[in-house]
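One structure is given here, and the rest of the page talks about it.
Just the heavy atoms: all of them, side chains too, but no hydrogens, waters or symmetry mates, feed the values below. Just so we're clear, the structure is a prediction, and the values are computed from it rather than from any experiment.
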Amino acid sequence: ARSTLGVREEAVRLAASLGLDGIGVDHPGHDGDDAERCAHLAIELGLVQTAGSDDHGHGPDGSRLGCRTVPARIVDALQARAASRAGIQS
């Protein structure tokens, strides 16, 4: 899911209780405070910290799709969570 920027923290908490796997911590629209707040929330809720650069055109900073990426361990963590929900052992 996209970060908590512009979304009530309670909604993220509810989504986490319903199975949300991660939130976008590193996003071109985040300033340092936003990223820190999202990171702390992810840690508290046991969510994977992802990155996002969803392409809604050029951002005010010129960002485009793919300008934020994550290491393979993040993808692995998300895949493991999905497999666990599906009852698949990795």
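The shortest side-chain heavy-atom distance between Ile23 and Val12 falls under the 4.5 Å cut-off.
Asp76 contributes atom CG, which lies 13.0 Å from atom CZ of Arg81 (distance to the nearest 0.5 angstrom). The distance from atom SG of Cys38 to atom CD1 of Ile43, rounded to the nearest 0.5 Å, is 11.5 Å.
Hydrophobic cluster of Ile74: the remaining members, joined at side-chain heavy-atom separations below 4.5 Å, are Val48, Val70, Val75, Leu78, listed by chain and number.
Judged as a side chain to side chain donor-acceptor pair (under 3.5 Å), the pairs with a partner in residues 12-25 (not counting sequence neighbours) are, in order, Glu9-Arg13, Arg13-Glu44, Asp21-Arg85.
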Q. Do Leu47 and Leu20 pass the side chain to side chain contact (heavy atoms under 4.5 Å, CB included) test, and can you show the C-alpha distance, the side-chain angles, and the key distance before you say yes or no?
A. CA-CA 7 Å; Leu47 301 174; Leu20 179 70; 4.1 Å; yes

